[in-house]
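Just so it is clear, the values below take in all heavy atoms, side chains as well, and ignore hydrogens, waters and symmetry mates. On a predicted model such as this, the values are computed, not experimentally measured, just so you know. Note that the numbering runs from 1 along the sequence shown for the chain.
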Amino acid sequence: MGSDDSQPRAAALTTTDLTVGYGSSVVVDGISFEIHAGQIVTLIGPNGAGKSTILRTIARQLAPIAGTVMLSGRDLRALDPNELARTMAILTTERVDPELMTCEDVVAMGRYPHTGRLGLLGNADRRAIADAMELARVESLADEPFSCVSDGQRQRVMLARAICQEPRVLVLDEPTSYLDIRHKLEFLRLIRLLARERGVTVLMSLHELELARHVSDLVACVAHGRIDRIGTAQEVFAGGYVRRLYEVDDEDFDAIYPGLDQSTSSPHADDEHSPTVTAQGASLSATPNDHYVRSGQRLLRCGVTTGTCAALATAAATRLLLEGRAPEAVNLVTPKGLPVEAEVAFAELTDASASCGMRKDAGDDPDVTDGILVVATVARIADGITIEGGAGVGRVTKPGLDQPVGAAAINRVPRQMIESQARSVADELGYRGGLAVTISVPDGEQIAKRTFNPQLGVVGGISILGTSGIEEPMSEQALVDTIELSLRQVHAQGAKSVLLLPGNYAEEFVRSSLPELHVVPQVKFSNYLGEALDVTASLGFERALVVGHIGKLVKLAGGVMNTHSRVADCRMELICAHAAVAGANASLCDALLAAATTDATRCSATSLTG
């Protein structure tokens, strides 16, 4: 019988009038909620509020004082231990010290609910172990003694063990506590993958509020012995509620989480002198309409660049300025030719200007700018269209970047998109005057501290970037597999030569400056030139031409075949070393090392050599 979409989904996890605590001492009562398969629900709240007690009760580590917990319609108390272990996995912050066990041994413990009485691992079990370790990015730790790895690595190994159980419900108590920022983002990606692709129901507690906002379908707020509020992340992180939940002064909260719980209102909404704000609802996603890229055997949802968000916000603000009302949604076609439509996060109209904001969605591979609010403020001027950077948008202080020194760090392509949107709306509405557009990012200055902007000479905020308008997510191994597949397809079509390009900049350079190469098949290698060259050689191509920016290709002189900055960033050192071998003096070498970018090294060399 076919599925009937009109029927409500059965709940994967249900609590009814649940009271939790220790003995007769109640910690939280009246807990009633339903979580469906594939949903991510996060508990937040002050220390001691009872989040861990709730999770331990749901995981049957504590007996409930009253009420029931149901897993897929069955009372938790009716499940035998082995059946419960096949249904639910739990990861806590409690330290586990299995003596003389390797990390792979620890992960393998997750298979024992599936192995029968003898506990013997079969081929399917070993595949599950390998898959879980790869997902958690701990396959390199397989033979390491578990007692000798770091706390962060231990946490990832324990997560792999939980995945290895193949549970339908995953309970996680502060799972990111020991992880650095890179692995927190990896955790976010993995949780989304488990929920979206494997239908795993995730219930967890987090102290990282930004992570809770970005990853959660629902957020449950625990305080004062109850679930104080439960709703979507957009609903909970709005109107200043979270700072009241934690009983934190506004000034202290904003110093750490600027704008975090003001997501559906103007960043100036708390100013008693601010103009009236016209809110536009809680849907803040700006994503390419149903656009995905293939990553191995998976489809990953694309996101949008900050430049696209700025252009969308400009279109909305221009319409608000000229019509007196904000649109519910705006759309554009990105430079890559893909349509994007998004709802407006907030709108603000004053006598002098109009402001609209869009919230960025980086798709299935988010970076540190995922979820940021990008605001465009538009005002009338006599003629022309000017584009400036406001609060949270960085300023260029060193030569060699896309924009000159002193300019706002809004790159060329986003500027073109912003101007195009402003002009298009003005033309549509018959406005013949000029427009001044200011792009701002309320929490951009704090976010920029977690990027390479300070080293590049961009200060005071983030850069507004993007050449295609679209962010295409790719996992590392899947991307390498895709490069190999692309090369195999080109070779299978009879090609003897191939162009290897890092990305959009190189593609544009070939199109504009080397048109005679247009007939040669092209394959993008991102940062994985070593793998691309290995595959090219193994397939028997007669010729391969690598075209790319000096910033990537100079690393090859040092034997660096993965050009991502997190692998190695020795660009200036390599240029300096080769310049010294060629006879450069100390002054020139000092200038080369101090250059912000490889483009700027030309300025340094020219100024010192004439």
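- In this structure, the separation between CZ on Arg395 and CD1 on Ile410 is 8.0 Å, given to the nearest 0.5 Å.
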Practice item. Decide yes or no on side chain to side chain contact (heavy atoms under 4.5 Å, CB included) for Gln153 and Val138, but give the supporting numbers first. Key: CA-CA 8 Å; Gln153 290 170 327; Val138 293; 5.9 Å; no
Exercise for review: Please test Glu210 against Arg213 for salt bridge (Lys or Arg N to Asp or Glu O under 4.0 Å), starting from the C-alpha separation and ending with a verdict.
Suggested key: CA-CA 5 Å; Glu210 306 101 319; Arg213 186 180 72 177; over 6 Å; no
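- When all heavy atoms of Leu592 and Met572 are compared, the closest pair comes out as O-CB, 3.8 Å.
- Counted by atom type alone, Gln421 and Thr314 present zero donor-acceptor pairs between their side chains at under 3.5 Å.
- Summarising the geometry, atom CZ belonging to Phe525 is positioned 7.5 Å from atom CG belonging to Leu501; distances are rounded to the nearest 0.5 Å.
- Across every non-hydrogen atom of Glu208 and Lys184, the tightest pair is OE2-NZ, 2.6 Å.
- Of the possible donor and acceptor atoms, none in the side chain of Asp590 sits under 3.5 Å from a partner among the backbone N and O of Ser587.
- When only modelled atom types and interatomic distance are considered, Ser424 and Asp427 share no side-chain donor-acceptor pair under 3.5 Å.
- Side-chain atoms of Arg511 do not come within 3.5 Å of backbone N or O of His518 as any donor-acceptor pair.
- The salt bridge (charged side-chain N to carboxylate O under 4.0 Å, His left out) test applied to Glu419 returns Arg423, not counting sequence neighbours.
- Closest heavy-atom contact between Leu500 and Ala544: CD1-CB, 4.3 Å.
- Thr536 contributes a side-chain N or O that, together with a main-chain N or O of Ala532, makes up a donor-acceptor pair within less than 3.5 Å.
- Nearest heavy atoms, Gly38 versus Asp217: O-OD2, 3.9 Å.
- Rounding to the nearest 0.5 Å places CG of Leu553 at 5.5 Å from CG of Leu556.
- Summarising the geometry, atom CG belonging to Leu190 is positioned 4.5 Å from atom CG belonging to Leu194; distances are rounded to the nearest 0.5 Å.
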Review point. After noting the C-alpha distance and the side-chain angles of Cys103 and Val149, does the key distance pass the side chain to side chain contact (heavy atoms under 4.5 Å, CB included) rule?
Key: CA-CA 9 Å; Cys103 292; Val149 299; 3.9 Å; yes
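- The only member of Arg111, Arg127, Arg161 that meets salt bridge (Lys or Arg N to Asp or Glu O under 4.0 Å) when paired with Glu166 is Arg111.
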Review point. Stepwise, does the side chain to side chain contact (heavy atoms under 4.5 Å, CB included) test hold for Ile40 with Arg196?
Key: CA-CA 9 Å; Ile40 301 172; Arg196 303 297 181 253; 4.2 Å; yes
Point to revise | Candidate pair Asp105 and Thr102, rule side chain to side chain donor-acceptor pair (under 3.5 Å), full reasoning | key: CA-CA 5 Å; Asp105 293 335; Thr102 67; 3.1 Å; yes
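- Closest approach of Gly371 to Arg359, counting heavy atoms only: O-NH1, 2.6 Å.
- Considering CG of Leu545 and CG of Leu514, their distance stands at 8.0 Å, rounded to 0.5 Å.
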Exercise for review: Check step by step if side chain to side chain contact (heavy atoms under 4.5 Å, CB included) holds for Met417 and Ile464.
Suggested key: CA-CA 11 Å; Met417 295 172 65; Ile464 306 297; over 6 Å; no
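- The backbone N or O of Val560 sits nowhere less than 3.5 Å from a side-chain atom of Lys555 that would complete a donor-acceptor pair.
- Side-chain contact between Ser440 and Leu373 is absent, with no heavy atoms from C-beta onward closer than 4.5 Å.
- Of all non-hydrogen atoms in Ala580 and Cys589, the two that sit nearest each other are CB-SG, 4.0 Å.
- Between Ile418 atom CD1 and Thr386 atom OG1 the span is 11.0 Å, to the nearest 0.5 Å.
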